[in-house]
Structure formats: structure tokens, C-alpha cells
2 protein chains.
Amino acid sequence: MARILIVEDEDRIAAFLAKGLSADGHQVSTVGDGLQGLEEALSGAFDLMVLDIGLPTIDGFEVLDQLRAQGSRMPVVVLTARDSVHDTVSALEGGADDYLAKPFRFAELRARINVRLRQQDRTDAEVGELRSGSVALDLRTRRLRVDGRETDLSAREFALAEVLLRNPGQVLSRAQLLDLAWDMDFDPGSNVVDVYVGYLRKKLGSARVETVRGMGYRFQP
Amino acid sequence: MARILIVEDEDRIAAFLAKGLSADGHQVSTVGDGLQGLEEALSGAFDLMVLDIGLPTIDGFEVLDQLRAQGSRMPVVVLTARDSVHDTVSALEGGADDYLAKPFRFAELRARINVRLRQQDRTDAEVGELRSGSVALDLRTRRLRVDGRETDLSAREFALAEVLLRNPGQVLSRAQLLDLAWDMDFDPGSNVVDVYVGYLRKKLGSARVETVRGMGYRFQP
DNA sequence: GGCATCGATGAGAGGTCTCTCATGAACCCC
DNA sequence: GGGGTTCATGAGAGACCTCTCATCGATGCC
């Protein structure tokens with residue numbers, strides 16, 4: 001399952017794609033214009049974008065350009081009615097990961113989307129990025145990306161974030177968190193954990209770290 | 001520049017590809033049958049493979065299959081005369097990164113190859129551990145291991161160590177180090193670099209960071 | 001050797017990080 | 001609603017990090 005953003009202004013095609021991709025188990029959202037598509041893409045809520053070139057407000061090339069300029073590495077499959085070599089090359093050099101000319105077979109689009117998603121998974125695993133919903137923790141640069149916005153973390157905040165993200169949905173006691181993020185196998189009788197959960201909440205958004213009274217904390221994906 | 005393996009039995013096409021890709025500055029080798037292609041691909045001497053499907057000895061699907069079974073992640077662009085959705089899907093699901101049906105424009109192939117190479121570079125750049133002689137820098141845990149002993153590094157020390165280790169034996173000016181490890185493209189007229197080289201020397205061993213009078217510093221592998 | 005330049009390093013200012021403590025709010029049980 | 005427990009959070013101490021500055025030593029040139 002992946003979260004796929006379709007940016008396409010022809011309703012008939014958008015609906016066709018949405019239906020097919022949903023049937024494959026993906027979670028699909030459709031948007032009909034460029035500016036809105038760019039915004040959604042930058043929100044961090046999607047794993048892949050299917051992008052039409054001919055769009056209202058700003059065209060697909062521009063969307064791609066802005067997206068890459070903002071540092072996003074989201075896989076993008078470009079889809080267009082114009083079957084010109086020039087467009088293909090422009091799109092691919094502009095940062096698209098794949099390009100299909102209409103008319104195309106759905107089976108081919110599906111296969112190409114799956115390749116990009118597979119690649120992304122592999123890259124994430126190798127590069128060391130932890131993702132859960134719209135939250136991504138870059139293990140290399142130690143930065144946190146929430147809804148497309150990046151924040152720096154202190155060493156301790158990072159350790160705590162890593163533990164929480166590696167155990168999404170699971171309740172972790174203060175003792176467990178101390179053990180995993182502080183390397184302390186004893187309780188120093190303090191509330192460090194509480195304090196750091198507070199700090200993380202400011203950066204992560206309060207709702208994402210849930211308090212389970214009497215038990216501990218839980219990261220909400 | 002990349003090292004590209006072309007596996008194609010039609011001489012005319014193979015020559016055409018070799019010529020075009022060489023002109024782009026790549027180092028190209030051509031092979032005319034499947035088994036030999038597989039061997040070359042597994043040798044580790046190439047960055048990317050352009051693979052035809054219809055081949056003597058074993059066909060392209062089989063080559064792809066074996067290659068992936070052996071754990072290789074080399075980017076593969078499949079190129080074939082058969083333009084059937086079924087083949088496209090098979091190739092992509094079988095581990096190809098891209099698929100072009102003949103006839104195709106060279107410009108499009110070039111663009112698609114460049115996308116795959118770009119992707120590969122990005123992935124390579126972001127994994128693991130930096131080593132040089134008896135010094136290892138763990139990029140994940142941000143620790144330095146020298147002759148078996150581990151030390152912690154501060155954020156700035158780590159950045160500097162990373163830059164030095166990535167350019168072993170090379171003299172780096174203070175301005176370069178400021179740019180690379182401090183993200184400063186101006187000289188603040190200070191001696192921060194000198195100071196941090198001093199700190200690093202304490203952890204790395206004095207002899208390993210050499211002063212090049214009037215020029216800068218050099219990491220000695 | 002004398003002088004000028006360049007690099008090494010200790011001291012320390014100011015900032016950030018980590019943790020403790022105290023206080024007040026939220027919650028639960030009765 | 002009352003009382004006890006649990007959690008959230010601001011304030012602040014102390015350690016550590018980052019950088020500047022001044023001083024001293026090393027080096028190269030004449």
C-alpha cells in the first residue's frame with residue numbers, strides 16, 4: 001500500500017487512474033490543478049505522484065521544478081498527451097522518474113509505479129530514513145520532516161524520536177524509553193522522559209505522541 | 001562518466017548505442033550474448049546495463065532474473081523490439097528499472113539512462129561508514145574508531161572529520177573546509193578551522209591530519 | 001641571525017543541551 | 001465534587017559546544 005497523489009485535470013482520466021490504483025490497494029488522492037498539486041506534494045503526505053503536464057494554473061514541468069527545488073525526492077511519474085521526444089527528455093531531466101505518453105495501458109503504468117515504489121523502499125532502507133505517515137526522520141542528517149517542514153533535533157531528541165518511530169502505535173513505558181534512548185537500565189527517579197516528550201511534541205505536533213496514563217507514551221502514525 | 005554495459009546481439013544497434021553513449025563521456029563495453037552479459041554484469045565493473053530481450057544463449061528476462069537473484073542492484077534499462085504490454089510489465093516486475101521499445105530516439109534513451117545513474121549516485125552517497133586505513137567514521141552513530149578505540153565526536157568535529165575522510169590525501173584549504181563542514185561560503189576572518197583541526201587531532205592522532213603550510217590541511221590515510 | 005608570516009593552543013564568552021525541581025493542570029476513583 | 005495520583009511545563013543549574021582572541025612557537029626568507 002502506498003499513498004499516491006494524482007495531479008490530472010481531465011476528470012475521466014483521473015477517475016480511471018484513481019479507480020485502478022485504489023483497486024491495487026493504494027490510497028489515492030486526486031487534484032486538478034498544478035498549484036494545488038505542488039502544495040499537496042510538499043505536504044509530505046504522499047509516497048508518489050502521477051503528474052500530468054498540461055494543467056491549469058501552473059503546468060507539470062513547473063510543478064516538477066518547484067518540487068525538486070524544495071528538496072523533495074518524491075518519485076514522480078509523468079503522464080501526458082504530448083508524445084514528443086523533447087517533452088520526454090525535458091521531464092526526465094527536470095527530475096521525473098518516469099514518463100508515459102497517452103494513450104497507455106494501465107498495466108504498464110502500474111508496473112512503472114511499482115518499480116518506483118520498490119526503489120523508494122529500498123532507498124529508504126539503505127539511506128536510513130524512518131517514516132511513519134507524514135513524519136520522516138532522516139537518520140543521516142538527524143533532521144525531522146513533518147508535513148514537509150524540516151526541523152533540527154538535539155542528540156537526545158533524535159534518540160527519543162528514533163525509538164518512538166521504530167515502534168509506531170506501541171506503548172512504551174518510561175523505563176523502556178530510558179533504556180532505549182538514554183542507555184540507562186535504571187530509573188534515575190526523574191522526569192527526563194516527560195520533559196523530552198514535551199520537547200518532541202513541540203517539533204512533531206502534540207497529537208502525534210499520545211500519553212497513555214499510567215503506562216507511558218505512544219507514537220501515533 | 002559512468003561505466004555502461006550494453007548487452008545486444010544486433011551489431012548495428014550495439015554500435016549505434018556505443019557510439020552515442022561514448023560521445024556522452026561514458027565508458028562503454030558491448031557484449032552480444034546473454035550468458036556473457038550476465039557474467040560481465042556480475043563482475044562489478046559496470047554502473048549500468050542496457051539489456052536487449054532477444055538474445056542468444058539465455059534471453060534478457062533470464063539475465064535479469066539471475067542478476068537480481070545474485071543480489072545485484074545494478075540499474076538495468078531494458079530495450080526491445082517487442083512492444084507488448086506483457087513484455088513491458090514482465091521486465092519491470094522482473095527487476096528492470098526502465099523499459100524502451102524499439103524504435104526509440106537516442107535522446108530519450110540517454111535521458112532515461114541519466115535518471116537511473118543520478119538515482120544510483122544519490123543512493124551510493126548516503127550509506128554507511130567511511131574508512132581510511134585504521135580510521136573509521138560511523139555515519140550512523142557519529143562515532144570515530146581509531147586503531148580499535150572508539151570516541152564520540154561533537155557535531156562540528158563530525159562534519160570536519162567527514163569532509164577530511166571523504167578527501168583522503170587531498171589538500172583542503174581553510175575556505176574549502178569552511179564551505180564543506182561549516183556551510184559558510186565566506187571567510188569569517190577567524191581561525192575556527194585551525195581550532196577544530198586541533199580538536200580532531202587529539203581524537204584522531206596528530207600525525208593523521210597534516211598541515212600544508214600556506215595551503216591548508218590534508219588527511220593522511 | 002633577524003624578521004615576517006603562518007599555525008597551534010589555552011582561556012574564556014556566549015550559546016545550546018541536558019537534566020532537575022517545583023508548580024499547576026488533568027485525570028481517575030470514590 | 002474531593003482527594004490523590006499522574007502528567008505537563010517554565011525556570012534554571014551545570015555541562016558541553018562553538019567560536020573568538022591573544023599569545024607563543026615554528027617556519028621560511030633574506
Side-chain angles (χ1 to χ4, degrees), chain A residues 137 141-144 150-164 171-220, chain B residues 137 141-144 150-164 171-220:
Chain A
L137 183 66
T141 63
R142 315 217 139 190
R143 308 198 77 203
L144 184 69
E150 293 221 328
T151 334
D152 281 314
L153 296 177
S154 78
R156 194 64 80 196
E157 288 167 355
F158 174 81
L160 179 59
E162 182 173 1
V163 171
L164 290 172
V171 180
L172 297 163
S173 70
R174 286 174 178 71
Q176 281 178 295
L177 291 171
L178 272 173
D179 181 20
L180 296 167
W182 272 259
D183 274 330
M184 276 184 184
D185 46 5
F186 61 99
D187 183 346
S190 90
N191 69 336
V192 222
V193 176
D194 301 47
V195 173
Y196 271 84
V197 165
Y199 294 158
L200 257 193
R201 278 179 172 152
K202 286 198 183 122
K203 300 187 171 179
L204 210 57
S206 283
R208 292 205 173 81
V209 183
E210 198 186 347
T211 304
V212 182
R213 223 185 145 73
M215 305 295 297
Y217 297 97
R218 164 169 43 200
F219 173 70
Q220 207 69 316
Chain B
L137 184 66
T141 64
R142 316 218 137 189
R143 307 199 79 203
L144 186 68
E150 292 221 329
T151 333
D152 281 314
L153 296 176
S154 78
R156 194 65 79 195
E157 289 167 353
F158 174 81
L160 179 59
E162 183 173 1
V163 171
L164 289 172
V171 180
L172 297 163
S173 69
R174 288 173 176 72
Q176 279 178 298
L177 292 171
L178 272 172
D179 181 21
L180 296 167
W182 272 260
D183 274 331
M184 276 185 184
D185 47 6
F186 60 99
D187 182 347
S190 90
N191 69 337
V192 224
V193 175
D194 301 47
V195 173
Y196 270 84
V197 166
Y199 295 158
L200 254 193
R201 278 179 173 150
K202 287 200 182 117
K203 300 189 172 178
L204 210 55
S206 282
R208 291 206 174 81
V209 183
E210 198 186 345
T211 304
V212 182
R213 220 184 146 74
M215 306 294 298
Y217 298 96
R218 163 168 46 199
F219 174 71
Q220 207 69 316

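Note that the structure is predicted; figures quoted are calculated from it, not measured. The sequence lines fix the lettering, A, B, ..., with proteins before strands; numbering per chain opens at 1.
With hydrogens and angles ignored, no donor-acceptor pair closer than 3.5 Å exists between the side chain of A:D152 and the base of C:dT16. Under 3.5 Å, the side chain of B:N191 and the base of C:dT9 form at least one donor-acceptor pair of N or O atoms. For A:Y199 and C:dC19, a side-chain-to-base donor-acceptor distance below 3.5 Å is present, hydrogens and geometry of angles not being considered.
In this structure, B:S154 reaches the D:dT18 phosphate: one of its side-chain N or O atoms is under 4.0 Å from OP1 or OP2. Residue A:R174 has a polar side-chain atom (N or O) positioned under 4.0 Å from OP1 or OP2 of D:dC7. Considering only side-chain N and O atoms, B:W182 lies under 4.0 angstrom from the phosphate OP1 or OP2 of D:dC19. The side chain of B:T211 contributes an N or O atom lying less than 4.0 Å from OP1 or OP2 of C:dA8. One finds a side-chain N or O of B:Y217 lying less than 4.0 angstrom from the OP1 or OP2 phosphate oxygen of C:dA8.
Atom CG of B:L160 and atom P of D:dC17 are 15 Å apart (whole Å). Remark: C1' of D:dT9 and NZ of A:K203 are 16 Å apart, rounded to the nearest angstrom. Straight-line distance from the CG atom of A:D194 to the C1' atom of C:dC21: 13 Å, rounded to whole Å. Between the OH atom of B:Y196 and the C1' atom of D:dT20 there is a distance of 12 Å, given to the nearest Å. When the C1' atom of D:dC16 is taken as reference, atom CD of B:E157 falls 11 Å away, rounded to whole Å. Rounded to a whole Å, the CG atom of B:L200 is 15 Å from the C1' atom of C:dA8. In this entry the distance linking CG of B:L172 with P of C:dG7 reads 14 Å, nearest Å. At whole-Å resolution of the value, CE in A:M215 and P in C:dC27 are 18 Å apart.
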Next item on the list: Starting from the C-alpha separation in whole Å, work towards a yes-or-no answer on side chain to side chain contact (heavy atoms under 4.5 Å, CB included) for A:Y217 and A:V193.
Entry: CA-CA 10 Å; A:Y217 297 97; A:V193 176; 4.1 Å; yes
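Side-chain atoms of B:R201 never come within 3.5 Å of backbone atoms of B:V197 as a donor-acceptor pair (strictly under, hydrogens ignored). The main-chain N or O of B:A181 is found under 3.5 Å from a side-chain atom of B:R156 such that the two form a donor-acceptor pair. At least one donor-acceptor pair under 3.5 Å links the side chain of A:K203 to the backbone N or O of A:D152.
Residues A:L204 and A:T151 form no side-chain contact, since every pair of their non-hydrogen atoms from C-beta on lies 4.5 Å or further apart.
Annotation: of the two residues near DNA chain C, A:R213 and A:R156, the 5′-most nearest-nucleotide partner is A:R156.
Counting any heavy atom pair closer than 4.0 Å across all strands shown, A:V197 reaches no nucleic acid atom.
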